[in-house]
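To start, the structure under review is shown below, and the notes come after it.
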Amino acid sequence: MRFGTLQGVMAFGLALSSCGTAAVPAEDQPASGSKTPFKVTPVASFETPWAMTFLPGGSEALVSEKDGRLWVVNAATGAKTAVSGVPTAKVAGQGGLGDVVVGPQNRIYLSYVEGGDGGTSGAVVGYGRLVKAGNAYALQGFKPVWRQAPKVSGNGHFSHRIAFGPDGAMYVTSGDRQKFQPAQETTGNLGKVLRLTPEGQPFPDNPWAAKGGVQAQFYSMGHRNLLGIAFAPDGRLWEHEMGPQGGDEVNLIVPGKNYGWPVVSNGSNYGGGDIPDHVTRPEFEAPKVWWNPSISPAGLIVYSGNLFPQWKGDILMGALSGESLIRIDVNGDKAAKAERWPMARIREVEQGPGGEVYLLEDSGRLLRLTPA
């Protein structure tokens, strides 16, 4: 799962690793078994669920809704309590309230979309402190610490996923906002994975730190719409993103690498315009796994629990248009398609404190998966 630092910044002392560029073929591999290894239990319902994270020490979790609501939900009973003090999000298209993560000093980090001049918009990341008074919850002292730049027109590809790394840094995904070329430009932070301090400043030893300015935020570049990011127990950072027409990707994020969008993609432009494949431009980092046709990936964890020992160390991810839960077999810096279980549109995947897996369906249900 996205490793939130629950009691201060945890010093794991793990190094992020480099990798090669080999990837699996585009065709889906068959599931390793015909029997579904889990049973599904509905827990609660929401209107526009987007993200989920567990609070320290129990079964309570935070669930965000794109329309701007934040809830504390008891994942055992399904009881829900609204949280006040949430920043106002601009809700349009793919934008609204986004990710929710527990960070250093038990701060609650949120991402959301804010409006700008002339009908523009951009993502924001900030944090506050969750306070309980009686049966009520409030997010107090909310402080924005990072903004997508520049703000542009349109309501797509904000991405704005958050993960805290074993190095204490905050990693933020910033989509290309459906503007293509900014992913290759260094004058803004669109189409990038960013590595920041918990206060939103560039981490001192970032790959482009010597360039200064906005480039000092960059950890990798050349990305499209990054809707999942998570650290593996070995410290490697995995990410998935939506391709154009085909070409959805799972990437191992290596500091300083360029992943090629929009110069290369294993998909095609909408309407059929060709894009050169990754193999034609070896200077760009290729995905480890990709899909044609698209599955629309959303939500990502690296499973670390004991309830499903056969999944330990593997990626679990949702698919929206693909309407499924997908397991990617991970072995060090290599990954391959493993299993795909038909479900509904899956927006978020999260791991519970006992090793259970929780899914948020795009249609609203929170589901708990336990061994069959």
For V86 against L70, the heavy-atom pair lying closest together: CG2-CB, 3.6 Å
Side chain N292, main chain G247, donor-acceptor under 3.5 Å: yes
Backbone N/O of E239 and side chain of N251: donor-acceptor pair under 3.5 Å: no
E348 bridged to R161 by N-O distance under 4.0 Å: yes
Test item: S220 and V254 side chains (from C-beta on) under 4.5 Å apart, heavy atoms: no
Any donor-acceptor pair under 3.5 Å from S265 side chain to I275 backbone: no
Donor-acceptor pair, side chain of E350 and main chain of F54, under 3.5 angstrom: no
Contact summary for K151 and G116, nearest pair of heavy atoms: CD-CA, 3.7 Å
Exercise: do Q178 and N155 side chains pair donor with acceptor under 3.5 Å: no
Non-hydrogen side-chain atoms of E114 and R147 separated by less than 4.5 Å: yes
S64 side chain vs A51 backbone, donor-acceptor pair below 3.5 Å: yes
Note: R69-E47 ion pair, threshold 4.0 Å (strictly below): yes
Same apolar cluster: V172 and Y109, side chain cutoff 4.5 Å: yes
Interatomic spacing from OH in Y259 to CZ in F284 - rounded to 0.5 Å: 12.5 Å
Reported CG-to-CD distance for the pair D176 and E241, which is rounded to 0.5 angstrom: 9.0 Å
Joint cluster assignment, Y303 & L325, ILVMFWY side-chain distance < 4.5 Å: yes
hydrophobic_cluster_shared for V72 and Y112, side chain cutoff 4.5 Å: yes
Inter-residue atom distance M242.CE - R224.CZ, 0.5 Å rounding: 8.5 Å
Heavy-atom pair of closest approach, residues M317 and P297: CE-CB, 3.5 Å
Beyond-backbone contact of R236 with V302, side-chain heavy atoms, under 4.5 angstrom: no
Close side-chain approach of V357 to F38, heavy-atom, < 4.5 Å: no
Connected via hydrophobic side-chain network under 4.5 Å: V349 and L307: yes
Closest contact, heavy atoms only, L360 versus P49: CD2-CB, 3.8 Å
Step-by-step side-chain contact (heavy atoms from CB on, under 4.5 Å) determination, M343 to E361: CA-CA 9 Å; M343 303 188 78; E361 292 180 334; 5.6 Å; no
Closest heavy-atom pair and its distance - A216, P202: O-CB, 3.3 Å
Heavy-atom check, side chain of R347 versus side chain of W50, under 4.5 Å: yes
Whether W341 and W311 hold their rings parallel, tilted or perpendicular, with breakpoints at 30° and 60°: tilted
side-chain hydrogen bond (donor to acceptor under 3.5 Å, both in side chains) between N206 and Q215, worked out: CA-CA 9 Å; N206 279 349; Q215 293 184 72; over 6 Å; no
Sub-4.5 Å side-chain heavy-atom contact between I326 and W291: yes
Partner of S159 by side chain to side chain donor-acceptor pair (under 3.5 Å), out of N225, T173, D99: N225
Nearest-0.5 Å distance that lies between atom NE2 in H278 and atom CH2 in W261: 10.0 Å
Nearest-0.5 Å distance that lies between atom CD1 in I108 and atom CG in L139: 7.0 Å
Note, V113 side chain near H160 side chain (heavy atom, < 4.5 Å): yes
Closest non-hydrogen atom pair between S153 and R177, with its separation: O-NH2, 3.8 Å
Worked check of salt bridge (Lys or Arg N to Asp or Glu O under 4.0 Å) between D205 and R195: CA-CA 10 Å; D205 61 347; R195 182 173 177 246; 2.6 Å; yes
Donor-acceptor contact present, side-chain H240 to main-chain S296, <3.5 Å: no
Distance in Å, K143 NZ paired with Y127 OH, rounded so as to fall on 0.5 Å steps: 4.0 Å
Check: R340 and S324 side chains under 4.5 Å, non-hydrogen atoms: yes
Co-membership, hydrophobic cluster, residues V102 and L110, 4.5 Å side-chain: yes
